[in-house]
Enquirer: 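Attaching a single structure in structure tokens format; questions to follow.
Throughout, numbering of the chain's residues begins at 1 and tracks the sequence. Ligands are counted one by one from 1 in listed order, and the atoms in each one are counted from 1 as well. Worth knowing before you read on, the calculation uses all heavy atoms, side chains too, and leaves out hydrogens, waters and symmetry mates.
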Amino acid sequence: MLLPVPLLLSLLGLAAADPTVYFKEQFLDGDGWTERWIESKPKPDFGKFVLSSGKFYGDQEKDKGLQTSQDARFYALSARFEPFSNKGQTLVVQFTVKHEQDIDCGGGYVKLFPAGLDQTDMHRDSEYNIMFGPDICGPGTKKVHVIFNYKGKNVLINKDIRCKDDEFSHLYTLIVRPENTYEVKIDNSQVESGSLEDDWNFLPPKKIKDPDADKPEDWDDRTKIDDPTDSKPEDWDKLEHIPDPDAKKPEDSDEEMDGEWEPPVIQNPEYKGEWKPRQINNPEYKGIWNHPEIDNPEYSPDSNIYAYENFAVLGLHLWQVKSGTIFDNFLITNDEVYAEEFGNETWGVTKAAENFVSKKKKERLFSSSLLSAIRVVSSAYLRLLIFLPAILIPASASSSLAFRMMYSAYKLNKQGDNIQP
Ligand SMILES: [Ca+2]
């Protein structure tokens, strides 16, 4: 008997489990988000997040997200969810960021906190598990942070992942797998991946230089040496400066008043500088000495680098100089495929609409610029017509003709000025 494939897979225990969604926030219920998101209180001047779809969008309602609304402020807002551990599970953190303000300096990242966080007291030193997302400050900093807290220390990725710096929505995804591997995606395309152990300095190095090994004293690693057969020529040494042989004592020199006359000093043309022997290849050269390595006694592998006891809060704790960034479509799940689909259904749809709106805006801007340019050029041309006859036609021969042409051109120009677009 042939069994349907899903049933067969299920019996074999291979069926894909339903995705577990730990946290999802799209801000689709008006002011409802204010019940779910909590402001931190220690600084009374934290910037305000407002719900907005911004200056341009695909769908005015669906594209509403949390927007930073005040310049030069710290922001500290967070939302709580049922605590979960990612042990033995894939962890996917995903959200969209839209820097529609043409950002100069500001964070666009999230922090995932353990259950113990007091949300009303979230501050820069609050211990988090993972920090992930874009960060921009001037042309020098345009990167995606991936920071893991490992045994109490924040460990930064060793690779440089460049973030997007345009004004459109972009989808940022971090995937952490139980095999201690990771993947970073921007706009559902992989931009970095690898092993946690290789790309972060979580653990001490596997190998170290053998402290008992020393370079032998007779190890010669000089590639070049002085030629022992070369010697300084006997006439080499000359003074660098000499009295000017062409200088003459001035006739009015008064030795009683000025002291004994001395000629000025000039550079000696025969001066050759410091003598250095010729360089030859070192016949004793043994190559670069490689320090022998041994297994590092401090190193012990950790198959659970990726794992955290619990995640329970997603926080936006960041600084922005120029506000206007919109965060939306937060998702924390255990399912990479589901996250990719969710990204395509949210960012994927918005992206196309945003590009369309932006293109239309640029076309309108181009049209109005072109119209202005045409008006400026035609106005200048008509004004030129007024004065051209006066230049070309000698005034003595045809003052009445020149006057008539100038008057006609003047009238034409006035009409041109009155034309409205
Ligand atoms: Ca939304």
Side-chain angles (χ1 to χ4, degrees), residues 19-39 47-70 75-82 92-103 106-112 119 132-134 144 163-174 185-189 311 313-318 320 322-333 335-358 360-361:
T20 304
V21 173
Y22 306 112
F23 179 71
K24 189 177 185 179
E25 175 68 88
Q26 295 176 266
F27 307 98
L28 297 173
D29 59 348
D31 291 338
W33 68 276
T34 56
E35 302 293 318
R36 298 186 292 274
W37 292 76
I38 290 179
E39 270 193 348
K48 291 283 171 210
F49 278 104
V50 296
L51 192 69
S52 172
S53 45
K55 291 183 283 191
F56 61 97
Y57 37 77
D59 181 297
Q60 189 167 18
E61 285 308 309
K62 286 183 186 167
D63 290 352
K64 281 182 178 169
L66 288 181
Q67 183 173 39
T68 55
S69 70
Q70 293 167 291
Y75 291 81
L77 192 71
S78 62
R80 190 172 282 276
F81 43 87
E82 261 320 291
V92 186
V93 184
Q94 181 172 289
F95 57 101
T96 55
V97 182
K98 180 190 182 195
H99 292 309
E100 67 166 31
Q101 75 275 43
D102 186 21
I103 193 165
Y109 42 80
V110 300
K111 291 178 179 176
L112 299 186
Q119 288 174 265
F132 168 63
V144 178
C163 69
K164 300 284 183 184
D165 61 352
D166 59 44
E167 60 185 356
F168 297 108
S169 291
H170 291 288
L171 183 72
Y172 287 86
T173 308
L174 171 67
K185 297 199 291 182
I186 300 179
D187 297 345
N188 263 343
S189 293
F311 293 91
V313 176
L314 181 142
L316 293 169
H317 183 262
L318 41 95
Q320 290 211 326
K322 197 167 160 190
S323 62
T325 301
I326 298 174
F327 297 88
D328 198 6
N329 304 311
F330 293 101
L331 177 71
I332 305 176
T333 179
D335 192 312
E336 297 178 35
V337 177
Y338 172 72
E340 185 162 329
E341 286 167 2
F342 180 70
N344 285 332
E345 288 161 12
T346 53
W347 161 82
V349 174
T350 302
K351 170 193 73 163
E354 276 181 2
N355 282 341
F356 178 77
V357 172
S358 172
K360 285 284 157 204
K361 275 175 87 174

Enquirer: With E25, which residues qualify under side chain to side chain donor-acceptor pair (under 3.5 Å), at least two apart?
Expert: R36, W37
Enquirer: Is any side-chain heavy atom of F342 less than 4.5 Å from a side-chain heavy atom of Q94?
Expert: yes
Enquirer: Looking at F27, is K62 sitting on its ring face, NZ or CZ under 6.0 Å from the six-membered ring centre and within 45 degrees of the normal?
Expert: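 Pair K62/F27 does not count as cation-pi.
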Enquirer: For H317, check side chain to side chain donor-acceptor pair (under 3.5 Å) against everything at least two apart and list the hits.
Expert: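 If we apply the side chain to side chain donor-acceptor pair (under 3.5 Å) test to H317, skipping adjacent residues, the hits are K111.
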Enquirer: Holding to salt bridge (charged side-chain N to carboxylate O under 4.0 Å, His left out), I want the full list of residues that pass it with D166, two or more places apart in sequence or in another chain.
Expert: none
Enquirer: At a cut-off of 3.0 Å, what protein N/O/S atoms sit near the Ca ion (ligand 1)?
Expert: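 Checking every protein N, O and S atom gives Q26 O, K62 O, K64 O, D328 OD1, D328 OD2.
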Enquirer: Could you walk me through whether F49 and Y75 pass the ring pair (Phe, Tyr, Trp, His ring centres under 6.0 Å) test, one step at a time?
Expert: CA-CA 8 Å; F49 278 104; Y75 291 81; 5.0 Å; yes
